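No hydrogens, no waters, no symmetry mates; every other heavy atom, side chains included, goes into these values. Throughout, protein chains are lettered first and strands after them, A, B, ... in sequence-line order, and every chain is numbered starting at 1. Remember, it's a predicted structure, so these values are computed and weren't measured experimentally.
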There are 2 protein chains.
Amino acid sequence: MSETDPTQIKGFNRARERAARALLEDYVEMISDLAAEFGEARITEIAARLGVAHPTATKAVSRLKREGLAVSRPYRGVFLTEAGEALAESVRARHRTVVALLLAIGVPEEVAELDAEGIEHHVSRRTLEAFEAYLARSERGEKG
Amino acid sequence: MSETDPTQIKGFNRARERAARALLEDYVEMISDLAAEFGEARITEIAARLGVAHPTATKAVSRLKREGLAVSRPYRGVFLTEAGEALAESVRARHRTVVALLLAIGVPEEVAELDAEGIEHHVSRRTLEAFEAYLARSERGEKG
DNA sequence: CCAAATTTGTAGCCGAGGCTACATTTCGCA
DNA sequence: TGCGAAATGTAGCCTCGGCTACAAATTTGG
């Protein structure tokens, strides 16, 4: 054994980190959406929209606070920090790009939205750039 | 909306199931690769290639056995069942398609391989079909 | 053929992300 | 104004996927 082609090592820590980050991203995006809609994000509403029990949302928000992405006071709404808002916006932008790419490829609309939710968290900066470039080319009429 | 509504999607289990399935898929694929290469897959080798400690691989293999995807005897190699082999092959095929799609879009090769590993687990059947159709069109020269 | 090295198994810990049950605070309204 | 309903917090439990440490089995080679 032991030679273990360095190229083949998958580094599962990356998988876990990704999963954790994906969760944070989903919460941040949801909080941002709720802030836009209601002026603040309540734990109960966050939990309801993400389909989890409220203590689960509470724990996640604790993590967001620990990471400096959100702030909140007991029995009050949750608010994003500047870092949180920035993350939310980049997540939203990436989501739009991924959906647009899938649609351009020919993925049915309903499916595109659903799959994008899972896919977007694994799209690296460079891949995102490639997506954007492709979409720009498509829009210039070089095929669709 | 805070009451326990049984008809409502019971939680974020979808995300967890996805993550769990992604892990199983990675292990199954790796075991299949090792079987092809060495005739059998040893725990130590599986762990090394996936970049985890061996007890982690042992636990994962236990899960595979529980799910009927693999069999093994103490201090011996791990082997896939028919179901496991079938899963491995479909995973491999999907991986190839995702990488091909990314390359066709213009994603750099190194990035395509890396991102595909994360993306592939979130590509649904219908999206995969769309990818294949797109690739078929590209190959027929309709511009890509 | 036996001892050392390697491989595998097992025990037990951790944190994440779920859950339920119950306590507490805030809010709405009669 | 006060009380009940709704929202939030807290405690405690589960599984999963990591880990380390140590025990047991197997393989290797002198």
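The distance between atom CD of B:E40 and atom C1' of C:dT8, rounded to the nearest whole Å, is 13 Å. Computed from coordinates, the B:E67 CD to D:dC16 P distance equals 9 Å when rounded to whole Å. The separation between A:E45 atom CD and D:dA7 atom P is 9 Å, rounded to whole Å. To the nearest angstrom, P of C:dG17 lies 15 Å from CD1 of A:I46. Rounded to whole Å, atom C1' of D:dC19 lies 16 Å from atom CG of B:L50. Counting to the nearest Å, the C1' atom of D:dA7 and the CZ atom of A:R42 are 7 Å from each other.
Linking ILVMFWY side-chain heavy atoms closer than 4.5 Å, directly or via other members, places A:Y27 and A:V71 in two distinct hydrophobic clusters. Two different hydrophobic clusters hold A:L103 and A:L135 under the rule that ILVMFWY side chains link at heavy-atom gaps under 4.5 Å.
Contact annotation: A:T44 reaches the phosphate of D:dT8 (side-chain N/O to OP1 or OP2, under 4.0 Å).
When heavy atoms are screened at a 4.0 angstrom cut-off, B:R66 is found touching the sugar-phosphate backbone but no base atom.
Remark: A:R21 does not engage A:E120 in a salt bridge, criterion side-chain N to carboxylate O under 4.0 Å.
Scanning for side-chain contact (heavy atoms from CB on, under 4.5 Å) contacts around A:S32 gives A:L80, A:E85, A:A88, A:R92, with sequence neighbours left out.
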What nitrogen or oxygen pairs link the protein and nucleotides 9-14 of chain C at under 3.5 Å?
{"from": "C:dG9", "atom 1": "N7", "to": "B:H54", "atom 2": "NE2", "distance (Å)": "3.0"}
{"from": "C:dG9", "atom 1": "O6", "to": "B:H54", "atom 2": "NE2", "distance (Å)": "3.1"}

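Hydrophobic cluster membership for B:Y75: none, as no Ile, Leu, Val, Met, Phe, Trp or Tyr side chain comes under 4.5 Å of it.
Considering only side-chain atoms of A:L23, the nucleotide from D:dG18, D:dC16, C:dG17 that sits closest is C:dG17.
A donor-acceptor pair is defined here as one N or O able to donate and one able to accept, closer than 3.5 Å; no such pair exists between the side chain of B:S72 and the backbone of B:G77.
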